[in-house]
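Computed over heavy atoms, backbone and side chain alike; hydrogens, waters and symmetry mates excluded. Remember, it's 1-based here, ligands and their atoms both numbered in the order they're listed.
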Amino acid sequence: MQWEQVRLLDSVLEEIEKVCTVAATLWQRRWIERNGGNISLNLTAKLTELPESYDSFRYLPGDFPAGAAGMVLFVTGSGKRLRDLSGSVEGVACVARIDEGGNGCHILWGGHNEEGAFQPSSEFIAHVMIHLMKKTATDKHRAVLHVHPQELIALSHHPVIGRDERKLNHACWSMLPEIRLFVPRGIGLVPFMLPGSKDLATATARQLSLRDVVLWSKHGAVATGKDIGEAFDYIDVANKGAEIYLQCLSSGFVPEGMSDREMNGVMRLL
Ligand code: 2HA
Ligand code: ZN
């Protein structure tokens, strides 16, 4: 069966191109080993010319929150290598529209798969719930990024810092002024939960309404941004704090860190 595909506006293709460029950096960082990580963009406001009928588009059943009906998302595919995005974006990702009842989605673009049926990311439910929360947030973020940054993950294994959100933020923020400045709402800590689960999705969306980055304990990080570059920046800067903290520990000393007074002074630069 040859399923129909929509044509994407140049402005949408440009957003997708940014995703491909960032994916190359994620691969160099070793944050997306094998099929690790996933990315989505909320295109609902950008896809203005939608087909009258979806009958000739591939349909995938799913269980989506009622509020997500009609949402149009670019999302990477389950089991796909994000490092392949720039070479074959239509094979690695798709544009999906959630149907009126929230019982599934139509694949409007991409999702080509020679070996079998393409499925959106195993973390699709988390992406949908984050986009739902961001729809009403003041920042209007439309990009969601999940990756496996080794230093933040390593810190989540720390027997004290990995269990205490306040200590985790203090450790990262106090390493360098820019971390306090550019991750101002800090890192939210979510205890280990089954990847792809609804519980993980709910906890993540709740935390991302308060924080710039969410650290999934012993798994990875999630951030949002107005575009994919901004989402990457939040995780990159937060991870730098974790990297310096761990570098100090591996040099044999516990880092002193900036004092609270010094950090408060830094915040006045904003
Ligand atoms: O494979 O990273 O969390 C994608 C993931 C699952
Ligand atoms: Zn993951």
>> Checking Trp3 against Phe118 for the ring pair (Phe, Tyr, Trp, His ring centres under 6.0 Å) test, could you report, in this order, the C-alpha distance in whole Å, the side-chain angles of both residues, the deciding distance, and whether it holds?
In response: CA-CA 13 Å; Trp3 302 106; Phe118 177 96; over 10 Å; no
>> Test of understanding: with ring-ring contact (aromatic ring centres under 6.0 Å, His included), list the residues that count as partners of Tyr59, not counting sequence neighbours.
In response: His106
>> Rounded to the nearest 10°, what angle sits at the Zn ion (ligand 2) between NE2 of His219 and NE2 of His146?
In response: 100°
> Do the ring planes of His131 and His127 sit parallel (below 30°), tilted (30 to 60°) or perpendicular (above 60°)?
Replying inline: tilted
> Do you know which two heavy atoms are closest between His157 and Lys218, and how far apart they sit?
Replying inline: CE1-CG, 3.3 Å
> Less than 4.0 Å between a side-chain N and a carboxylate O, is that true for Glu178 and Lys240?
Replying inline: no
Enumerate the pairs of nitrogen or oxygen atoms, one from ligand 1 and one from the protein, separated by less than 3.5 angstrom; state names and distance to 0.1 Å.
unit_1: ligand 1; atom_1: 1 (O); unit_2: Asn35; atom_2: O; d: 2.8
unit_1: ligand 1; atom_1: 2 (O); unit_2: Gly37; atom_2: N; d: 3.0
unit_1: ligand 1; atom_1: 2 (O); unit_2: His146; atom_2: NE2; d: 3.2
unit_1: ligand 1; atom_1: 2 (O); unit_2: His148; atom_2: NE2; d: 3.0
unit_1: ligand 1; atom_1: 3 (O); unit_2: Glu123; atom_2: OE2; d: 2.5
unit_1: ligand 1; atom_1: 3 (O); unit_2: His146; atom_2: NE2; d: 3.2
unit_1: ligand 1; atom_1: 3 (O); unit_2: His219; atom_2: NE2; d: 2.9

>> Looking at Lys18 and Glu15, is any side-chain nitrogen of the basic one under 4.0 Å from a carboxylate oxygen of the acidic one?
In response: yes
>> Quick test of your reading of the model: are Asp139 and Lys134 salt-bridged, counting only N-O distances below 4.0 Å?
In response: yes
> For His148, what is the atom name of its N, O or S atom nearest to the Zn ion (ligand 2)?
Replying inline: NE2
